[in-house]
Amino acid sequence: GAGVSQSPSNKVTEKGKDVELRCDPISGHTALYWYRQSLGQGLEFLIYFQGNSAPDKSGLPSDRFSAERTGGSVSTLTIQRTQQEDSAVYLCASRDRLAGYYNEQFFGPGTRLTVL
Amino acid sequence: GENVEQHPSTLSVQEGDSAVIKCTYSDSASNYFPWYKQELGKGPQLIIDIRSNVGEKKDQRIAVTLNKTAKHFSLHITETQPEDSAVYFCAATSYSGAGSYQLTFGKGTKLSVIP
């Protein structure tokens with residue numbers, strides 16, 4: 001079946017502009033995560049959505065970052081007034097929470113964001 | 001919160017040799033430890049995982065060991081092949097209630113298998 005998809009695959013923007021990154025999780029997966037991967041670094045947790053519960057936003061680095069998940073499916077990560085330090089690969093992952101606690105997060109291919 | 005340290009950051013081995021990657025974690029409540037492989041231009045993919053009630057798990061050429069007392073776990077790849085070349089991430093997770101948990105990742109190990 002279809003995996004997690006993300007768009008665009010690459011995004012180049014100018015400092016100060018807003019960007020929107022999209023994630024389509026695996027159908028039926030109730031949990032959705034956003035991570036940021038900077039060059040040579042591990043994956044930094046940003047935000048977690050679980051069904052209709054309030055999202056866990058504890059990883060968002062500043063109030064310029066926000067995310068939505070509409071209808072329990074597609075999610076959009078928005079970065080306002082982008083800065084050069086926002087340049088990174090943004091990864092989305094989904095998980096079937098109902099399958100149990102010890103189960104896999106499936107990752108999308110990521111969006112490479114470059115802020116000039 | 002959880003902190004995961006991963007070593008080495010880069011590792012080069014000859015084809016056919018073994019590779020070992022080590023991770024330590026800080027939160028004694030963590031109870032699930034997955035390993036992910038990330039190939040160039042792709043998202044990470046789970047290759048093996050271990051739960052806290054198990055000390056070792058093996059899947060063909062890949063094995064993971066866990067020492068809860070010392071709070072460290074390791075990935076072992078035997079008979080390495082060029083297609084094993086990738087970045088490997090360890091992670092640790094703990095359950096925070098109401099179905100919410102997070103994975104905390106190490107910074108990754110770039111493995112190069114030399115033919």
Side-chain angles (χ1 to χ4, degrees), chain A residues 2-7 9-10 21 23-26 29-60 88-112, chain B residues 1-10 21 23-25 27 29-54 57 59 64 66 86-110:
Chain A
V4 178
S5 61
Q6 292 185 245
S7 60
S9 55
N10 282 282
L21 312 180
C23 172
D24 284 86
I26 293 172
H29 279 193
T30 57
L32 187 147
Y33 303 79
W34 282 98
Y35 295 89
R36 178 169 68 177
Q37 185 175 27
S38 301
L39 188 63
Q41 300 297 310
L43 282 71
E44 175 190 9
F45 167 78
L46 296 177
I47 188 169
Y48 164 59
F49 292 92
Q50 174 49 58
N52 295 322
S53 302
D56 178 352
K57 303 180 181 180
S58 61
L60 294 179
V89 175
Y90 290 83
L91 290 160
C92 173
S94 71
R95 182 174 78 95
D96 182 6
R97 189 182 77 86
L98 297 180
Y101 171 59
Y102 301 106
N103 65 324
E104 178 180 358
Q105 288 189 23
F106 291 85
F107 283 84
T111 293
R112 180 174 297 278
Chain B
E2 177 64 276
N3 182 51
V4 177
E5 299 284 340
Q6 183 172 347
H7 299 280
S9 56
T10 60
I21 302 170
C23 290
T24 60
Y25 61 99
D27 187 352
S30 290
N31 52 14
Y32 174 60
F33 307 91
W35 285 87
Y36 283 81
K37 176 183 180 181
Q38 186 176 27
E39 297 176 332
L40 198 61
K42 297 183 178 180
Q45 182 176 10
L46 180 73
I47 55 171
I48 195 167
D49 56 15
I50 191 167
R51 304 180 189 184
S52 59
N53 58 348
V54 175
K57 183 177 178 180
D59 182 4
V64 58
L66 171 66
V87 179
Y88 291 81
F89 292 97
C90 63
T93 187
S94 57
Y95 183 64
S96 57
S100 176
Y101 81 102
Q102 296 178 19
L103 282 177
T104 302
F105 286 84
K107 292 190 175 181
T109 296
K110 183 178 181 180

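All chains are named by letter (A, B, ...) in the order of the sequence lines, taking the proteins before the strands, and each is independently numbered beginning at 1.
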**Asked** For the atom pair CD (B:Q102) and OH (A:Y48), what is the distance rounded to the nearest 0.5 Å?
**Response**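 With rounding to 0.5 Å, CD (B:Q102) is 9.5 Å from OH (A:Y48).
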**Prompt:** Using a cut-off of under 4.5 Å for heavy-atom pairs, which of B:P44, B:G108, B:G106 has the most such pairs with chain A?
**Reply:**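 It is B:P44.
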**Prompt:** Heavy-atom distance under 4.5 Å between the side chains of B:Y36 and A:Q105, does that happen here?
**Reply:**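 Yes. Closest side-chain heavy atoms under 4.5 Å.
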**Asked** Which pair of heavy atoms, one from B:F89 and one from A:Q37, lies closest together, and at what distance?
**Response**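 Looks like CZ-NE2, 3.2 Å.
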What part of [X] is in contact with chain B, defined as an atom under 4.5 angstrom from a non-hydrogen atom: side chain, backbone, both or neither?
| X | result |
| --- | --- |
| A:S9 | neither |
| A:F106 | neither |
| A:L43 | both |

**Item:** Option among A:F45, A:Y33, A:Y35 that satisfies the side-chain contact (heavy atoms from CB on, under 4.5 Å) test with B:L103
**Value:**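 One option only clears the test, and that one is A:Y35.
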**Item:** Which atoms of B:Q38 approach chain A - backbone, side chain, both or neither, heavy atom under 4.5 Å
**Value:**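 It is the side chain, since no backbone atom gets that close.
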**Message:** Counting only heavy atoms not in A:N52 (residues, nucleotides, ligands), do more than 12 fall under 6.0 Å from its CG?
**Reply:**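 Atom CG in A:N52 is not packed in, count stays at 12 or less.
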